[in-house]
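See structure below.
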Amino acid sequence: MSKQILDELAIKRALTRITYEIIERNKGTEDLVLIGIQTRGVYLAQRIHDRIEQLEGVDVPFGKIDITLYRDDRHDASLKQDPVINDEKIGFDITDKRVVLVDDVIFTGRTIRAAMDALIDQGRPSSIAVAVLVDRGHRELPIRADFVGKNIPTSNTEQVAVRVKEIDQEDRVDITEL
């Protein structure tokens, strides 16, 4: 059974609020960069990027990162098959920049930890913040999101599914019992 938690308008509002919070907390856009985590985080980061450009008239650097090789819970070196890497380079220097990592859902914290490891391999940012559309709790690591669209308390038997127009032809967030 699936229940809709956020519709298209609610997602738009949440991303707009996150955008304002990012600008406010960083006191503008100087040295700010946005990095979307593959896959849906990239599209959410692009939307935040576009909204910053509308509000501030600034084209902040925007990139994407693939964390496949950095996951400690999904990559097994003993497997005969190599993991598929999508686009591992950000495309600009992140040294001394204020990086905002963007993802769709934060759950255990392992994706964010992997993304931070991947970032550090590409430079040394002055700070790293995390923006997520949904925080569902259940951390395994001491990692938290700095900017959250919606907190959705879940059980371990539930799954949060974020759908974005760019991939799924619609914007919505559902919670499903496994």
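Here the structure is a predicted model, which is why all the values come from computation and not from measurement. Values below: every heavy atom of this structure, side chains too, minus hydrogens, waters and symmetry copies.
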Ion pair Lys64/Asp66, N-O distance below 4.0 Å
no
Listed by chain and number, what are the salt bridge (charged side-chain N to carboxylate O under 4.0 Å, His left out) partners of Asp59, not counting sequence neighbours?
none
Calculate, to the nearest 0.5 Å, the distance between atoms CZ and CD belonging to Phe107 and Gln159 respectively.
9.5 Å
Please check if the side chain of His49 supplies one atom and the backbone of Val60 the other of a donor-acceptor pair under 3.5 Å.
yes
For the pair Arg40 (side chain) and Ile167 (backbone), establish whether a donor and an acceptor sit closer than 3.5 Å, ignoring hydrogens and angles.
no
Taking all heavy atoms of Arg144 and all of Val130, pick out the closest pair and write down the distance.
O-CB, 4.0 Å
Identify, with sequence neighbours excluded, every residue that meets side chain to side chain donor-acceptor pair (under 3.5 Å) alongside Gln169.
none
Do His138 and Thr108 pair up side chain to side chain, a donor and an acceptor below 3.5 Å, judged on atom types alone?
no
Using modelled atom types and a 3.5 Å cut-off, is there a donor and acceptor pairing between side-chain atoms of Asp104 and backbone atoms of Gly41?
no
Considering only heavy atoms from C-beta outward, does the side chain of Leu32 approach that of Ile52 to under 4.5 Å?
yes
Val102 with Ile120, same ILVMFWY side-chain cluster at under 4.5 Å
no
With a 3.5 Å distance limit and no angle check, can you tell me whether Gln4 reaches the backbone of Leu6 through a side-chain donor-acceptor pair?
yes
Under 3.5 Å: donor-acceptor pair, side chain of Ser126, backbone of Lys97:
yes
Salt bridge or not for Glu8 and Arg172, using N-O below 4.0 Å?
no
Specify the closest pair of heavy atoms between Pro125 and Val99, including all atoms of both residues, with the distance to one decimal.
CB-CG2, 3.6 Å
Partners meeting side chain to side chain donor-acceptor pair (under 3.5 Å) with Glu166 (sequence neighbours left out)
Arg47
Check step by step if salt bridge (charged side-chain N to carboxylate O under 4.0 Å, His left out) holds for Lys165 and Glu170.
CA-CA 4 Å; Lys165 281 183 180 179; Glu170 66 178 338; over 6 Å; no
Qualifying residues under side chain to side chain donor-acceptor pair (under 3.5 Å), relative to Asn26, sequence neighbours excluded
Arg98
For the residue pair Leu101 and Ala115, what are the closest heavy atoms and their distance?
CD1-CB, 3.8 Å
Just by modelled atom types, is the Ile90 backbone N or O under 3.5 Å from a matching donor or acceptor in the Gln122 side chain?
yes
Are Asp171 and Lys12 ion-paired here, with the side-chain N under 4.0 Å from a carboxylate O?
no
Looking only at non-hydrogen atoms, find the nearest pair between Arg51 and Tyr20 and report the distance.
NH2-OH, 4.0 Å
Gap separating the CD1 atom of Ile175 from the CD1 atom of Ile152, nearest 0.5 angstrom
6.5 Å
Any luck finding a side-chain donor-acceptor pair between Thr176 and Glu158 under 3.5 Å?
no
Those residues that, when tested against Arg17, pass side chain to side chain donor-acceptor pair (under 3.5 Å) (two or more places apart):
none
Pair Gln46, Asp50: side-chain N/O donor-acceptor within cut-off below 3.5 Å
yes
Going by salt bridge (Lys or Arg N to Asp or Glu O under 4.0 Å), name the pairs with one or both residues in residues 122-137, residues two or more places apart or in two chains.
Asp135-Arg139
Locate the shortest heavy-atom distance separating Tyr70 from Asp117; write the atom from each residue and the value.
CD2-CB, 3.7 Å
